[in-house]
Structures are given as C-alpha cells and as structure tokens.
Amino acid sequence: MTVEELLEREAIKQVRILYSHYFDAGETDKLADLFTEDAICEFDEEHGGTWIGKETIRSNYASYKAENPFSYLHASTNPLIRLLGPDKANARWYLIDLVLSESQDNPIGLLGIYDDLYRKVEGEWKIEKTRIDFLWPNRTYFGPRIPL
C-alpha cells in the first residue's frame, strides 16, 4: 500500500466520521453536503425506505433530527475500505448507535453495518450510496455489498 492510498483511505474515514458528528449534532445541511447530488440512502421500510438525491436526503435526515443535539452518538468502527480507482471506493463499517436519555436503561439504541460506495467529486470524497443493515434489536440483514 502506498502513502497516497493511505491518505485516500484516511480522507474516506473522515467522511464517515463527519457523518456521525453532523447527524448527532443535528447539522443536516452539513450532513447532506457529504453526499453526491445523485446519492442514494437505503434503509429498511421501518427507517424510511430508499432516499434518492441530496435534497431528499437532507429533508429526510432533518425529520430524524433530535430535539437536543447529541441525544444520539453514532460510533462507526472497524472500517474496511477498498479503493476501486482514482475516484471510486467502497467501505463497510460497524455501527453502534447510542441513545443518551435518562429514561433509557440501556444506552444501546441499535447495532448495524453500513455498506457505502464513495465517489471523488472535485477532489473531495462523497457518499454516493449508503445502505445500513440493522442487526439489533430488530434484524434486517441482507448481506454485504463488499465481498469479504
């Protein structure tokens, strides 16, 4: 692996990290800017189904915005990033979603796996497609997009 490849992987990690920070802080405009104009978000029907296009993504994430910033903490771990070319990559991440509420005994809200496709646009990595498989407490697992 070259230094350039490591730098590209680090840049992709920053996109997913910013995704969590912006989602948790309720900064939906900044969150939407992490996506390409034609991006796709795939969720199960319980979590909104498939969202197509940056503006739809912005609007739908705004509907999930917590009343108080950082009512949730999204921890994306175990990145498996593959560069597919100079402007394409894919990645898998484990998700630990924590719910920060005094009324909740268990802070773990859900566990899941993100499968992402990334595209470099004007020198910046953006999310082109993301899918989340939920593992707990309800299971909607369809299997990896990225071969292991």
Side-chain angles (χ1 to χ4, degrees), residues 8-85 87-148:
E8 296 293 356
R9 287 173 187 234
E10 235 2 81
I12 290 167
K13 283 182 189 177
Q14 289 301 308
V15 174
R16 179 49 70 185
I17 290 167
L18 286 172
Y19 173 99
S20 295
H21 281 271
Y22 294 155
F23 186 100
D24 297 342
E27 296 188 50
T28 52
D29 289 338
K30 290 180 180 178
L31 176 63
D33 286 339
L34 297 174
F35 290 87
T36 62
E37 291 296 328
D38 59 347
I40 298 171
C41 291
E42 294 178 351
F43 301 99
D44 62 11
E45 290 305 315
E46 182 181 336
H47 293 91
T50 299
W51 307 344
I52 300 172
K54 187 174 177 175
E55 289 311 312
T56 299
I57 291 167
R58 179 189 321 274
S59 173
N60 288 353
Y61 273 123
S63 72
Y64 281 95
K65 184 175 172 179
E67 189 174 312
N68 297 310
F70 298 103
S71 297
Y72 315 104
L73 290 179
H74 288 78
S76 298
T77 69
N78 299 41
L80 173 61
I81 300 169
R82 296 205 176 123
L83 299 172
L84 305 174
D87 63 350
K88 286 279 192 186
N90 60 21
R92 286 189 98 205
W93 312 84
Y94 291 172
L95 169 65
I96 303 168
D97 186 23
L98 303 170
V99 179
L100 307 178
S101 169
E102 291 177 15
S103 64
Q104 187 138 338
D105 292 333
N106 181 358
I108 299 175
L110 63 88
L111 302 174
I113 298 174
Y114 287 111
D115 270 309
D116 294 341
L117 297 174
Y118 294 87
R119 184 170 73 218
K120 202 175 219 186
V121 179
E122 297 178 10
E124 289 186 39
W125 287 103
K126 302 278 185 178
I127 301 169
E128 180 176 21
K129 189 172 190 178
T130 187
R131 183 184 75 204
I132 185 166
D133 285 335
F134 297 99
L135 303 176
W136 183 89
N138 300 316
R139 192 172 184 86
T140 55
Y141 180 71
F142 299 103
R145 174 182 294 124
I146 299 170
L148 300 176

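We number each residue from 1, following the sequence as shown.
Between Trp125 and Ala11, the shortest heavy-atom contact is CD1-CB, 3.7 Å. Annotation for Ala91 and Ile81: closest pair CB-CG1, 3.9 Å, computed over non-hydrogen atoms. The minimum heavy-atom distance between Val99 and Gly109, with the atom names listed, is CG2-CA, 3.6 Å. Heavy-atom minimum distance, Leu34 versus Val15: CD1-O, 3.7 Å. Across all non-hydrogen atoms, the minimal contact from Ile108 to Asn106 is N-OD1, 3.0 Å.
Of the charged side-chain nitrogens involved, at least one lies within less than 4.0 Å of a carboxylate oxygen, so that Lys54 and Asp33 count as a salt-bridged pair.
Of the possible donor and acceptor atoms, none in the side chain of Arg16 sits under 3.5 Å from a partner among the backbone N and O of Ser76. With Ser63 contributing its side chain and Asn60 its backbone, the two residues share a donor-acceptor pair below 3.5 Å.
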Indicate every side-chain donor-acceptor pair of residues 136-144 with a distance under 3.5 Å to a residue at least two apart or in another chain.
residue : atom : partner : partner atom : Å
Thr140  : OG1  : Asp44   : OD2          : 3.1

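Asp133 contributes atom CG, which lies 13.0 Å from atom CG of Leu111 (distance to the nearest 0.5 angstrom). Taking CG from Asn90 and CG from Asp116, the interatomic distance works out to 9.0 Å, rounded to the nearest 0.5 Å. The structure places OH of Tyr114 at 9.5 Å from SG of Cys41, a figure rounded to the nearest 0.5 Å. Rounding to the nearest 0.5 angstrom, the gap separating the NZ atom in Lys65 from the CG atom in Leu31 is 11.0 Å. Within the model, atoms CZ of Phe70 and CG of Asp24 stand 6.0 Å from one another, a figure rounded to the nearest 0.5 Å. Here Leu98 contributes atom CG and Ser71 contributes atom OG; the two are 12.5 Å apart, rounded to the nearest 0.5 Å.
Taking the side chain to side chain contact (heavy atoms under 4.5 Å, CB included) definition, one finds that Glu55 meets it with Arg58, sequence neighbours left out. Taking Lys129 as the reference, Ile40, Glu42, Leu117, Arg145 meet the side chain to side chain contact (heavy atoms under 4.5 Å, CB included) condition, with sequence neighbours excluded. The side chain to side chain contact (heavy atoms under 4.5 Å, CB included) test applied to Glu45 returns no partner, not counting sequence neighbours. With sequence neighbours left out, Lys30 forms a side chain to side chain contact (heavy atoms under 4.5 Å, CB included) with Tyr22, Glu27.
Between Thr130 and Asp115 the shortest side-chain heavy-atom distance does not fall below 4.5 Å. Using a 4.5 Å heavy-atom threshold, the side chains of Asn68 and Leu100 count as separate.
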Inset, instruction - Go through the steps to decide whether Ile17 and Gln14 satisfy the test side-chain contact (heavy atoms from CB on, under 4.5 Å), and finish with yes or no. - result: CA-CA 5 Å; Ile17 290 167; Gln14 289 301 308; 3.9 Å; yes
Inset, instruction - Assess whether side-chain contact (heavy atoms from CB on, under 4.5 Å) is satisfied between Asn78 and Trp93, documenting all intermediate values. - result: CA-CA 6 Å; Asn78 299 41; Trp93 312 84; over 6 Å; no
Legend entry - Derivation of the side-chain contact (heavy atoms from CB on, under 4.5 Å) call for Ile127 and Thr36: CA-CA 6 Å; Ile127 301 169; Thr36 62; over 6 Å; no
Legend entry - Chi angles and distances behind the side-chain contact (heavy atoms from CB on, under 4.5 Å) call for Lys126, Lys120: CA-CA 6 Å; Lys126 302 278 185 178; Lys120 202 175 219 186; over 6 Å; no
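Every pair passing ring pair (Phe, Tyr, Trp, His ring centres under 6.0 Å) that includes a residue from residues 23-47 is listed here, sequence neighbours excluded: Phe23-Tyr61, Phe23-His74, Phe43-Trp51, His47-Phe134.
Partner of Ile113 under the side chain to side chain contact (heavy atoms under 4.5 Å, CB included) criterion, chosen from Ile132, Leu95, Leu135: Leu135.
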